[in-house]
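Some notes on the structure that comes next.
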Amino acid sequence: MHIEFAKKQDALYISEMSRDLIEAGLGWRWHRGRVMRAIQDPDTVVIKATITSRLAGFAIMRFGREEAHLDLIAVKPPYRRLGVGLALLSWLEESALTAGISIVRLEIRETNQNALKFYEQRGYRQIRRIKGYYCGQETAIAMARDLWCGVSINTIRND
Ligand SMILES: CC(C)(COP(=O)(O)OP(=O)(O)OC[C@H]1O[C@@H](n2cnc3c(N)ncnc32)[C@H](O)[C@@H]1OP(=O)(O)O)[C@@H](O)C(=O)NCCC(=O)NCCS
């Protein structure tokens, strides 16, 4: 497996993976133009994982002054449970630490139990439920991890 920065020519493929593997049933917000802007944004990191030169997965993280936000991560079904997701997430977490950032936040669909397990095994904790977060239709679970010392808030709240 090889992890590297995504290039402009990866934008369409990444956006299609987001549409099919993450945003299914919600409408397509991470279209090619948005992924392209993320690739070009100096405060956003878009990485891809390839296996024998084939795109296996990608992840997008925005870096703020004190916190980072994981916008998207996906691995194509044939490559799942091989450690690709973990490798992508670890890569971004290392980058956050290098930038002096310890808090990583993200939101996932409440129905996405596989991703919930993926994040929880990595030390992310459920912070709160956000009703209607996705197009007014679906509840999100907000999660966070403190890369230095573990999260301080781990109770779930309803908004
Ligand atoms: C979530 C996702 C990125 C995980 O990628 P992956 O490459 O399969 O994950 P890994 O192989 O690195 O898994 C690491 C660990 O996470 C946990 N895990 C991952 N997928 C899991 C699942 N479906 N069920 C239970 N635990 C899971 C396991 O503990 C796993 O370790 P193990 O395989 O040794 O048991 C992948 O399932 C995916 O692309 N899902 C669709 C998109 C998505 O939901 N993205 C998240 C919201 S943006």
Side-chain angles (χ1 to χ4, degrees), residues 1-6 10-39 41 43-64 67-97 101 103-147 150-151 154 156:
M1 186 197 334
H2 182 63
I3 294 181
E4 61 185 311
F5 291 108
D10 299 314
L12 179 61
Y13 204 18
I14 287 173
S15 67
E16 289 176 345
M17 282 181 71
S18 178
R19 178 193 64 195
D20 299 340
L21 303 177
I22 299 171
E23 302 181 87
L26 292 176
W28 191 16
R29 294 189 309 145
W30 282 88
H31 45 77
R32 180 172 177 267
R34 187 172 178 187
V35 173
M36 185 79 84
R37 285 196 295 280
I39 290 170
D41 177 6
D43 295 325
T44 302
V45 171
V46 184
I47 54 172
K48 63 177 182 178
T50 53
I51 295 177
T52 57
S53 301
R54 292 171 192 268
L55 183 62
F58 76 94
I60 300 178
M61 182 176 273
R62 277 181 288 130
F63 290 77
E67 297 185 351
H69 189 273
L70 183 67
D71 281 333
L72 300 175
I73 184 168
V75 175
K76 289 169 79 175
Y79 301 107
R80 288 186 189 164
R81 303 306 290 267
L82 298 173
V84 177
L86 198 53
L88 287 163
L89 187 55
S90 302
W91 196 104
L92 290 170
E93 289 171 345
E94 283 294 320
S95 299
L97 284 170
I101 292 169
I103 304 290
V104 178
R105 296 186 185 275
L106 60 92
E107 292 84 28
I108 59 166
R109 296 165 85 165
E110 188 176 43
T111 51
N112 193 348
Q113 291 299 307
N114 289 341
L116 191 68
K117 288 175 191 151
F118 168 73
Y119 291 124
E120 285 187 333
Q121 65 77 34
R122 186 63 185 171
Y124 289 78
R125 294 292 172 260
Q126 299 182 40
I127 303 300
R128 62 190 175 116
R129 297 176 75 235
I130 312 171
K131 286 184 185 164
Y133 181 83
Y134 296 105
C135 309
Q137 296 172 29
E138 273 194 43
T139 299
I141 303 283
M143 304 186 79
R145 180 180 177 203
D146 185 331
L147 303 174
V151 290
N154 61 4
I156 191 160

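Both ligands and their constituent atoms are indexed starting at 1 by order of listing. Side chains included, hydrogens not; waters and symmetry mates left out as well; all remaining heavy atoms used.
Looking only at heavy atoms of the protein, atom 13 (O) of ligand 1 is closest to Phe118 CD1, 3.9 Å.
Within the set Gly85, Ala24, Ser90, Ala74, the minimum heavy-atom distance to atom 6 (P) of ligand 1 is found for Gly85. Among Gln121, Lys117, Arg81, the residue whose heavy atom sits closest to atom 21 (C) of ligand 1 is Arg81. For the residues Thr111, Leu86, Leu88, Ile22, the heavy atom positioned nearest atom 12 (O) of ligand 1 is part of Leu86.
Atoms of ligand 1 found under 4.0 Å from any heavy atom of Val84, numbered from 1 in the order shown, are 7 (O), 12 (O). Taking a cut-off of under 4.0 Å to the non-hydrogen atoms of Ile73, the atoms of ligand 1 that pass are 42 (C), 43 (C), 45 (N), 46 (C), 48 (S). Counting atoms of ligand 1 from 1 in the listed order, those under 4.0 Å from a heavy atom of Leu82 are 11 (O). Close approach of ligand 1 to Gly83 is summarised as follows: ligand atoms under 4.0 Å from at least one heavy atom of the residue are 10 (P), 11 (O), 12 (O). Within the listing of ligand 1, atoms 41 (C), 42 (C) sit less than 4.0 angstrom from a heavy atom of Leu21.
Residue-level proximity to ligand 1 for Tyr119 is carried by the side chain, the only part with a heavy atom below 4.0 angstrom. The proximity of Asn112 to ligand 1, defined as any non-hydrogen pair under 4.0 Å, is limited to the side chain. Contact annotation: for Leu106 versus ligand 1, there are no heavy atoms closer than 4.0 Å. Within the 4.0 Å heavy-atom criterion, both parts of Arg80, backbone and side chain, lie near ligand 1.
When every heavy atom of Ile47 is checked against every heavy atom of Ile3, the shortest pair comes out as CD1-CG2, 4.0 Å. For Met17 against Ala74, the heavy-atom pair with the smallest separation is CE-O, 4.0 Å. In plain terms, the two heavy atoms of Glu120 and Arg125 that are nearest each other are O-NH1, 3.5 Å. Here the closest non-hydrogen pair linking Val84 and Ala56 is CG1-CB, 4.5 Å.
Per-atom contact check: atom 34 (O) of ligand 1 does not touch the protein, criterion being a heavy-atom distance below 4.0 Å. Less than 4.0 angstrom separates atom 27 (C) of ligand 1 from at least one non-hydrogen atom of the protein.
Residues Ile73 and Tyr119 form a side-chain contact, since some pair of their non-hydrogen atoms from C-beta on lies under 4.5 Å apart.
Leu12 is linked by a side chain to side chain contact (heavy atoms under 4.5 Å, CB included) to Ser15, Glu16, Arg32, counting only residues two or more places apart in sequence or in another chain.
Backbone and side-chain nitrogen or oxygen atoms of Ala87 are examined, and none is located within less than 3.5 angstrom of a nitrogen or oxygen of ligand 1.
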